[in-house]
Protein chains: 2
Amino acid sequence: MQTPRQKEIVQAALELISEKGIQGFTIKNLSKEIGISEPAIYRHFESKVHILIAILDVFKQNTEGMFKQELEGDLPAMERISILFTRNFEVFSQSPSLVPVIFSEELFRGESGLIGKVYEIIGRNLNTLIQIIKEGQSNNEIRNDVEASQLAVIIMGSLRLFVKKWQYSDYSFDIKKEGKKLIKSLKRLIHKGILTDDE
Amino acid sequence: MQTPRQKEIVQAALELISEKGIQGFTIKNLSKEIGISEPAIYRHFESKVHILIAILDVFKQNTEGMFKQELEGDLPAMERISILFTRNFEVFSQSPSLVPVIFSEELFRGESGLIGKVYEIIGRNLNTLIQIIKEGQSNNEIRNDVEASQLAVIIMGSLRLFVKKWQYSDYSFDIKKEGKKLIKSLKRLIHKGILTDDE
DNA sequence: GCAAAGTTAGTTAACATTCGCTAACCTAGA
DNA sequence: TCTAGGTTAGCGAATGTTAACTAACTTTGC
C-alpha cells in the first residue's frame, strides 16, 4: 500500500510528465512541484524508476478486472467493445495525465523491466479485443470479410489517435462524449452488413 | 544544399534514434558512430537542434509534392487515398529510421520551433485526407453515414498504429505488402455500401 | 526520546558546447 | 613555380550545466 506522500509524489509525477513531457520529469522538478527538497523524495521512493513503476501500477489497478469480465459476458460483441473503450475513456477522463505516460514508448526505453510492464498492459487490451471480434464474427454479428486482427488494428489505431488528439488539444473536449461518437462510427463500419461491391 | 559529411551526420543521427531512441541521440554517440571527435560535429552543424531540423527537412523533401498531386488528380477518391499511403509506405520502407523520428512527439518537446515543423508535416497529411474523403462522399463513392473527419481519424489512426507495429517488430515484415492489405481492408470498410442496420 | 521526514551540501556522471591548436589542402601574387 | 595567406576539418582538453543520487545533520509528532 502507498502512503499519502507516495500518492502525492506519483500524482505530481503524472502531472509533470503530461505538462512537460518525459524530459520534464526530473527529481528536481518533482520536488519543486511538491514543495520539498530533492533528497526528501528518496525518503519515499528508492529511485526514479520506482516512481515509474508506481505510475504503471496506478494504471494497472485502474483497469484491473475491466477486461476479463467483458470477455466472458454474454453481451453482443459490439456492446462489449463499446464498454471496453468507454471504460478506458472514463479512466483517462479521470486522470488525463495517464495518457502521455501510457502512450509514450520513449519513456521506458532502456528500462527493459518497465517495457515488459507496458506491453503487458497494452497487449492485454489488444488480445481481449481480437478475442471479442472473433466471437462477434462467428456469431454473424461482425463482418467477416476483414480479418479480426486487421479490424483490431483499425479499432485500436483509431482510438489511440483519438486519445492523442485529445491530449494535444490540452484535454479541451469531453473525451467521453466524443469517444462515444467515434465508437458509434466504428460500429457502423464493422457491423455485419451487405456491401454492394468490393475490390 | 548539404555537404557529404552533413548527409552522413544526418543519416547516422537517424540510425541512432531508431536504434536507441531519443536518449541515444547524443553528440558523443553520433561522433562515435561516424568515427570523428565530438567537436568535429560542430564543424558541420551549428548545434544539435540544427541536426534535428536537417532530419525534418529530409522527410519534408521526401514527401514533397506527394500530396498536392493527389488532391488535384481526377482519380477516384479511394484510389487517391491508396496512392497517398502507398507512397508513404515506400518512403518508410526506404528509410525505416524516419519512422521513430516522425512519429515521436517527445523528440521535439521543448523545441517550439521544431514542433511547428512536425505539425506542418502531420497536418498537411491529415487535411489532404479529409479533403479527399469529402470529395469521395459527394461523388457517392465513399459512405456518408460517417463524418469525413471521423473517417480520417480512423484511417490515419490505423495506419499510424500499423507503422508503429512495423517499427516494434524491428521492420521484420514487408511494410509495402502488408500495408496494401490494410488499405484493402480499410477500403472495404469505407466504401459506399448498404448496411442492414445501425446504432 | 525516537523514528519518520525533512534539510543543506555535497558527489559522480553525462551532456552540449567552446577553446586553442594543427595538418592538409587550396589559391593568389611575385 | 613557389610561397604566403586563407580555409577546411579535424583533434584533445576543458567548461558549464544538469542529472540522479548520497551523507550527515536537524526537526517534528507521537
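Reminder, nothing fancy here: chain letters follow the sequence lines and each chain counts from 1.
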Exercise. Using a strict cut-off of less than 4.0 Å between a Lys/Arg side-chain nitrogen and an Asp/Glu carboxylate oxygen, indicate whether A:Arg80 and A:Glu135 qualify as a salt bridge.
Key: yes
Quiz prompt | Sidechain N-carboxylate O distance under 4.0 Å for B:Glu178, B:Lys181 | solution = yes
Rounded to whole angstroms, how far apart are [atom1] on [X] and [atom2] on [N]?
X	N	atom1	atom2	value
A:Lys28	D:dT18	NZ	P	6 Å
B:Ile51	C:dT17	CD1	C1'	12 Å
A:Lys48	D:dT22	NZ	P	14 Å
A:Ile36	C:dA4	CD1	C1'	13 Å
B:Ile22	C:dC15	CD1	P	14 Å
A:Ile27	C:dG10	CD1	C1'	17 Å
B:Gln23	C:dA16	CD	P	12 Å

Quiz prompt | Aromatic centroids of A:Phe92 and A:Phe162 separated by under 6.0 Å | solution =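 Not close enough - the centres of the two rings lie 6.0 Å or further apart.
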Quiz item: Can you tell me if the side-chain N/O atoms of A:Ser37 get under 4.0 Å from OP1 or OP2 in C:dG6?
Solution: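 No, outside the criterion.
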Residue pair [X] / [Y]: nearest heavy atoms and the distance that separates them:
X	Y	value
B:Met78	B:Glu141	N-OE2, 3.1 Å
B:Lys28	B:Glu38	CG-OE2, 3.7 Å
A:Leu129	A:Ala152	CD2-O, 3.8 Å
B:Tyr42	B:Ser47	CE2-CA, 4.1 Å

Quiz item: Are any non-hydrogen side-chain atoms of A:Ile132 and A:Thr128 less than 4.5 angstrom apart?
Solution: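 Touching, per the 4.5 Å side-chain cut-off.
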Quiz item: Is there side-chain contact between B:Ile51 and B:Gln6, with at least one heavy-atom pair below 4.5 Å?
Solution: no
Quiz item: On DNA chain D, nearest-nucleotide positions of B:Gly35 versus A:Phe25: which is more 5'?
Solution: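 The answer here is B:Gly35.
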Quiz item: Which residues, if any, of residues 1-9 of chain A bring a heavy atom under 4.0 Å of DNA chain C?
Solution: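 Heavy-atom contacts with DNA chain C come from A:Arg5.
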Self-check item: DNA chain C contacts among residues 38-45 of chain B, heavy-atom distance under 4.0 Å
Solution: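 B:Glu38, B:Pro39, B:Tyr42, B:Arg43 - these, ordered by number, are the residues of the stretch whose heavy atoms sit under 4.0 Å from the strand.
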Exercise. Give one of base, sugar-phosphate or nothing for A:Thr26, where a contact means two heavy atoms less than 4.0 Å apart.
Key: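 Counting heavy atoms under 4.0 Å across all strands, the contact made by A:Thr26 is with sugar-phosphate only.
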Quiz prompt | Between A:Gln150 and B:Ser185: side-chain donor-acceptor atoms closer than 3.5 Å | solution = yes
Exercise. Can you pull out how bent the helix from C:dG1-D:dC30 to C:dC25-D:dG6 is, comparing the axes over its first five and last five pairs, to 10°?
Key: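 The value is 10°.
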Self-check item: More than 12 heavy atoms of other groups within 6.0 Å of A:Lys48 NZ
Solution: yes
